[in-house]
Amino acid sequence: MYLKTQLEWNVLISPENLDPRGLLLQRSIIIRLLEEFANRKATKDHGYFLSVTTLEKIGEGKIRPESGDVLFPVRYNCLTFKPFKGEVLKGVVDRIVKHGVFLICGPVGNVFLSVKTMPDYQYVHGENPTFMNNESSKIEKGGVVRFVVLGTKWVETEKEFQVLASLAGDFLGPVS
């Protein structure tokens with residue numbers, strides 16, 4: 001689910017990027033905020049960071065005596081993506097193995113669709129393995145699949161979510 005989130009962050013600006021007229025200061029803060037934002041992949045509470053939408057407030061800067069850098073508290077709005085249990089999403093098939101299918105869904109690179117959660121689908125091995133059902137519906141590499149989220153797990157070391165998916169339900173499965 002896409003979420004609009006308001007966050008506060010401290011942005012560190014080096015002395016050479018400070019302008020006495022203040023014109024370049026706001027630009028420097030925004031550029032630094034965007035750089036730090038791009039390096040921060042995701043958090044458990046907010047999900048994956050997608051984009052900064054608005055800059056709400058730049059607080060008063062505090063000088064760090066040892067370096068001369070200035071620390072500015074910044075409040076901004078951003079767009080995030082976080083998968084929730086019960087949510088219906090679409091993903092692209094990345095890999096097919098005997099025990100299920102690995103999908104990519106936006107920034108979520110680890111969605112697993114177990115063979116046990118794909119009613120009526122059978123594994124068809126070969127050079128390009130697939131899953132097929134009795135109505136000739138096929139799940140193959142590169143195809144798009146609509147699924148429901150059974151559960152999520154946050155992996156702190158990787159700063160990402162793992163998602164367990166299912167095709168049990170109406171209108172779920174390969175999308176033409």
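Nothing here was measured: the structure is a model prediction, and the numbers come from that model.
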Notebook entry, point to check: Could you walk me through whether Leu79 and Leu3 pass the side chain to side chain contact (heavy atoms under 4.5 Å, CB included) check?
Noted result: CA-CA 6 Å; Leu79 188 64; Leu3 304 169; over 6 Å; no
Next item on the list: Quick one: do His46 and Lys82 satisfy side chain to side chain contact (heavy atoms under 4.5 Å, CB included)? Show the steps, please.
Entry: CA-CA 7 Å; His46 301 293; Lys82 184 177 180 183; over 6 Å; no
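Among residues two or more places apart in sequence or in another chain, the ring-ring contact (aromatic ring centres under 6.0 Å, His included) test is passed with Phe171 by none. Contacts of Phe161 classified as ring-ring contact (aromatic ring centres under 6.0 Å, His included), with partners at least two apart in sequence or in another chain: Tyr48, Trp154. In terms of the ring-ring contact (aromatic ring centres under 6.0 Å, His included) criterion, residue partners of Phe37 (sequence neighbours excluded) are, by chain and number, Phe49.
No side-chain N or O of Tyr76 forms a donor-acceptor pair with one of Thr53 less than 3.5 Å apart. A side-chain N or O of Glu56 and one of Asn77 form a donor-acceptor pair less than 3.5 Å apart.
Leu50 and Val52 fall into different hydrophobic clusters, where Ile, Leu, Val, Met, Phe, Trp and Tyr side chains are chained together by heavy-atom contacts under 4.5 Å. Under the 4.5 Å side-chain contact rule for hydrophobic residues, Leu150 and Val108 do not share a cluster. Under the 4.5 Å side-chain contact rule for hydrophobic residues, Ile104 and Val145 do not share a cluster. In this structure, Leu12 is not a member of the same hydrophobic cluster as Ile58, with clusters built from ILVMFWY side-chain heavy atoms closer than 4.5 Å. Under a hydrophobic-cluster definition in which Ile, Leu, Val, Met, Phe, Trp and Tyr are linked whenever side-chain heavy atoms come within less than 4.5 Å, directly or via other members, Leu164 and Val155 are assigned to different clusters.
Cys105 has its side chain out of reach of Val163: every pair of non-hydrogen atoms, C-beta onward, lies at least 4.5 Å apart. Side-chain atoms of Thr152 and Gln162, non-hydrogen and from C-beta on, never get closer than 4.5 Å to each other. Between Leu55 and Ile30, some side-chain heavy-atom pair lies under the 4.5 Å cut-off. Side-chain contact check for Val101 versus Arg95: every heavy-atom pair is 4.5 Å or farther apart. Put simply, the side chain of Phe102 reaches to within 4.5 Å of the side chain of Val97, judged on heavy atoms. No side-chain heavy atom of Val124 sits under 4.5 Å from any side-chain heavy atom of Pro129. A 4.5 Å side-chain heavy-atom check between Tyr2 and Thr80 finds every atom pair outside the cut-off. Leu103 places none of its side-chain heavy atoms less than 4.5 Å from the side chain of Phe112.
When all heavy atoms of Ser67 and Pro15 are compared, the closest pair comes out as O-CG, 4.1 Å. Scanning both residues, Asn10 and Pro73, for their nearest heavy atoms gives OD1-CA, 3.5 Å. When all heavy atoms of Lys90 and Phe147 are compared, the closest pair comes out as C-CE2, 3.7 Å. The two residues Gly100 and Met118 make their nearest non-hydrogen contact at CA-CE, 4.3 Å. The minimum heavy-atom distance between Pro174 and Ile139, with the atom names listed, is CG-CG1, 3.6 Å. Here the shortest heavy-atom pairing between Ala168 and Val148 reads O-CG1, 4.2 Å.
For the pair Thr130 (side chain) and Lys138 (backbone), a donor-acceptor distance under 3.5 Å is absent. At least one donor-acceptor pair closer than 3.5 Å links the side chain of Glu87 to the backbone N or O of Met1. Judged purely by atom type and a 3.5 angstrom limit, Lys141 uses its side chain to pair as donor or acceptor with the backbone of Asp94.
Distance check, rounded to the nearest 0.5 Å: CG of Leu89 to CG of Leu172 gives 10.5 Å. Put simply, CG on Asp69 and OG on Ser14 are 6.0 Å apart, with the number rounded to the nearest 0.5 Å. Taking CG of Leu33 as the start and SG of Cys78 as the end, the distance is 9.0 Å to the nearest 0.5 Å. Here Ser137 contributes atom OG and Leu167 contributes atom CG; the two are 9.0 Å apart, rounded to the nearest 0.5 Å. Distance check, rounded to the nearest 0.5 Å: CD1 of Ile63 to CD1 of Ile13 gives 13.0 Å. If you take CG on Asn128 and CD on Glu140, they are separated by 8.5 Å, rounding to the nearest 0.5 Å.
Other residues, nucleotides and ligands contribute over 12 non-hydrogen atoms within 6.0 Å of the NZ atom of Lys41. The number of heavy-atom neighbours closer than 6.0 Å to CD of Glu66, taken from other residues, nucleotides and ligands shown, is above 12. Around atom CZ of Arg64, no more than 12 heavy atoms belonging to other residues, nucleotides or ligands sit under 6.0 Å away.
Arg32 has a carboxylate O that lies under 4.0 Å from a charged side-chain N of Glu36, or vice versa, which qualifies the two as a salt bridge. Contact check on Glu156 versus Lys44 returns no salt bridge, with no Lys/Arg side-chain nitrogen under 4.0 Å from an Asp/Glu carboxylate oxygen.
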